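Here is the structure we will look at.
Here the structure is a predicted model, which is why all the values come from computation and not from measurement. Below, read A as the first sequence line, B as the second, and so on, with proteins coming before strands; counting in each chain starts at 1.
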Amino acid sequence: GAGVSQTPSNKVTEKGKYVELRCDPISGHTALYWYRQSLGQGPEFLIYFQGTGAADDSGLPNDRFFAVRPEGSVSTLKIQRTERGDSAVYLCASSLRLGSGANVLTFGAGSRLTVL
Amino acid sequence: QKEVEQNSGPLSVPEGAIASLNCTYSDRVSQSFFWYRQYSGKSPELIMSIYSNGDKEDGRFTAQLNKASQYVSLLIRDSQPSDSATYLCAVGNQFYFGTGTSLTVIP
């Protein structure tokens, strides 16, 4: 696509529920990143993929968070047993390829998650 | 996560002045550095990238990198009210972000 697409744009759920957030990167971008941003804070790195594999998942806060990118394009961030502290804007970004001099991120509009 | 530090501000400058934003980072091996701008309620958008020590100019923006001192800065010349936003510094292939500096340009 022309830009990074994230769905849903808004998600309200109850504590303890399971949530999936989807990201469709720019066509041809092999690197895909997930961030979480709370109010007044910078984006917090969660995970990035190079192709289908997670190149670095060190930012995932705990084992309730998991992300996949099975075909090297669309990615899904999965959150189990949601907690109120998970409420944030989840940002996805993609770049042409990892480690190149032209490696710059383009962000999607984000998915705002509210856990009641 | 690697530490990326920014003064959260808020920083206020009059229209037409120079705004100076600073960022320090902890990972000595980082090779790529970025400045993003984020308007309220919007996603970050890239302003500049810099990879080598020294200055890089793009229009009213100048990025400065000093790897030995582990800092990167952004200068905005002839600041405009439309520059009012949060400026985020990002470092490395994982794009570790700082907390951002809120800039207000006063007409």
- Query: More than 12 heavy atoms of other residues, nucleotides or ligands under 6.0 Å from CG of A:Leu116: is that the case?
  - Reply: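 Atom CG in A:Leu116 is crowded, with more than 12 foreign heavy atoms closer than 6.0 Å.
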- Task: Please examine the side chains of A:Leu105 and B:Tyr36, heavy atoms only from C-beta on, and report whether any two atoms are closer than 4.5 Å.
- Result: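 The answer is yes; the side chains approach within 4.5 Å.
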- Query: Tell me, do A:Leu91 and B:Pro44 make a side-chain contact under 4.5 Å, heavy atoms counted?
  - Reply: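 Side chain of A:Leu91 against side chain of B:Pro44, heavy atoms only: contact under 4.5 Å found.
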- Output every pair passing salt bridge (Lys or Arg N to Asp or Glu O under 4.0 Å) with a member in residues 106-116 of chain A, not counting sequence neighbours, ordered by first then second residue.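 Found none.
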Tell me whether [X] shares a hydrophobic cluster with [Y], the cluster being built from Ile, Leu, Val, Met, Phe, Trp, Tyr side chains joined at under 4.5 Å.
| X | Y | answer |
| --- | --- | --- |
| A:Phe66 | A:Tyr90 | no |
| B:Leu21 | B:Val13 | yes |
| B:Tyr87 | B:Tyr71 | no |
| B:Phe61 | B:Ile50 | yes |
| B:Tyr51 | B:Leu46 | yes |

- Message: Give the interface residues of residues 98-107 of chain B toward chain A, defined by a heavy-atom separation under 4.5 Å.
- Response: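 Hits under 4.5 Å: B:Gly98, B:Thr99.
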- Distance, nearest 0.5 Å, that separates CD of A:Gln37 from CG of B:Leu88: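 The CG atom of B:Leu88 is 6.5 Å from CD of A:Gln37, to the nearest 0.5 Å.
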- Message: I need the A:Glu44 CD to B:Phe97 CZ distance, nearest 0.5 Å.
- Response: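 So the gap between those two atoms works out to 12.5 Å.
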- Task: Below 4.5 Å from any heavy atom of chain A, which atoms of B:Gln38 appear? Answer side chain, backbone, both or neither.
- Result: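 The answer is the side chain of B:Gln38.
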- Message: Can you list everything that forms a side-chain hydrogen bond (donor to acceptor under 3.5 Å, both in side chains) with B:Glu5? Sequence neighbours excluded, please.
- Response: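 With neighbours one apart ignored, the set is empty.
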- Query: Considering all heavy atoms of both residues, which atom of A:Asp56 and which atom of B:Tyr96 are nearest to each other, and what is their separation?
  - Reply: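 Shortest heavy-atom separation between A:Asp56 and B:Tyr96 comes out as OD2-OH, 3.9 Å.
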- Message: If I compare all heavy atoms of B:Gln94 with all of A:Tyr48, which pair ends up nearest, and what's the gap?
- Response: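 Between these two residues, the closest heavy atoms are CG-CE2, 3.2 Å.
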Can you list, pair by pair, the side-chain donor-acceptor contacts under 3.5 Å of residues 68-76 of chain A, counting residues two or more places apart and other chains?
unit_1, atom_1, unit_2, atom_2, d
A:Arg69, NE, A:Gly72, O, 3.3
A:Arg69, NE, A:Ser73, O, 2.9
A:Arg69, NH1, A:Thr30, O, 2.5
A:Arg69, NH1, A:Gly51, O, 3.0
A:Arg69, NH2, A:His29, O, 3.1
A:Arg69, NH2, A:Gly72, O, 2.9
A:Ser75, OG, A:Trp34, NE1, 2.9
A:Ser75, OG, A:Val68, O, 2.9

- Mark yes or no for whether A:Tyr35, through its side chain, and B:Phe95, through its backbone, hold a donor-acceptor pair below 3.5 Å.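 Pair found, side chain donor or acceptor close to backbone of B:Phe95.
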